[in-house]
Amino acid sequence: MSDNKEKQSQDRKLVARGEKYEVSYFAKKHGLDMKDARRIIEAHGPDRDAADKAAHRFKH
């Protein structure tokens, strides 16, 4: 976690695809398996909003 509290809000808008716990959280949040969650995050980059929208489209 960042020690610089000024950057914290921006960090929450990003998904760290290299961090297993981030991918795991994303997968659980959207009811996906880890493979699909990782694929979505890699395709849409670290932008959490874009990845969330893509996960929603993937499920429906």
Side-chain angles (χ1 to χ4, degrees):
M1 185 152 95
S2 175
D3 290 334
N4 187 346
K5 301 300 181 200
E6 292 176 6
K7 293 184 178 182
Q8 194 171 17
S9 66
Q10 284 186 334
D11 287 346
R12 290 185 180 148
K13 293 180 181 181
L14 303 176
V15 179
R17 66 180 170 202
E19 300 292 338
K20 186 175 180 177
Y21 68 91
E22 287 265 3
V23 178
S24 177
Y25 171 79
F26 184 82
K28 186 175 182 179
K29 176 181 175 182
H30 294 288
L32 303 169
D33 60 24
M34 292 286 285
K35 183 179 176 182
D36 291 332
R38 188 172 288 114
R39 191 177 308 153
I40 289 170
I41 293 169
E42 287 176 0
H44 295 279
D47 182 355
R48 189 176 300 274
D49 289 335
D52 285 341
K53 288 175 185 175
H56 181 73
R57 288 191 306 267
F58 183 83
K59 289 284 292 183
H60 298 285

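In what follows, residues are counted from 1 in the order of the sequence shown.
Of all heavy-atom pairs spanning M34 and A27, the tightest one is SD-CB, 4.2 Å. R57 and H44 get closest at one heavy-atom pair: NH2-CE1, 4.0 Å. When all heavy atoms of A51 and F26 are compared, the pair lying nearest together is O-CZ, 3.4 Å. Residue D52 comes nearest to H30 through the heavy atom pair OD1-NE2, 2.9 Å, listed as atom of the first residue, atom of the second, then distance.
Rounding to the nearest 0.5 Å gives a distance of 6.0 Å between CG of L32 and CZ of F58. R38 contributes atom CZ, which lies 12.5 Å from atom CD of E22 (distance to the nearest 0.5 angstrom). Between the NE2 atom in H56 and the CD1 atom in I40 there is a gap of 12.0 Å [rounded to 0.5 Å]. To the nearest 0.5 Å, the span separating CG on D47 from CD1 on I41 amounts to 11.5 Å.
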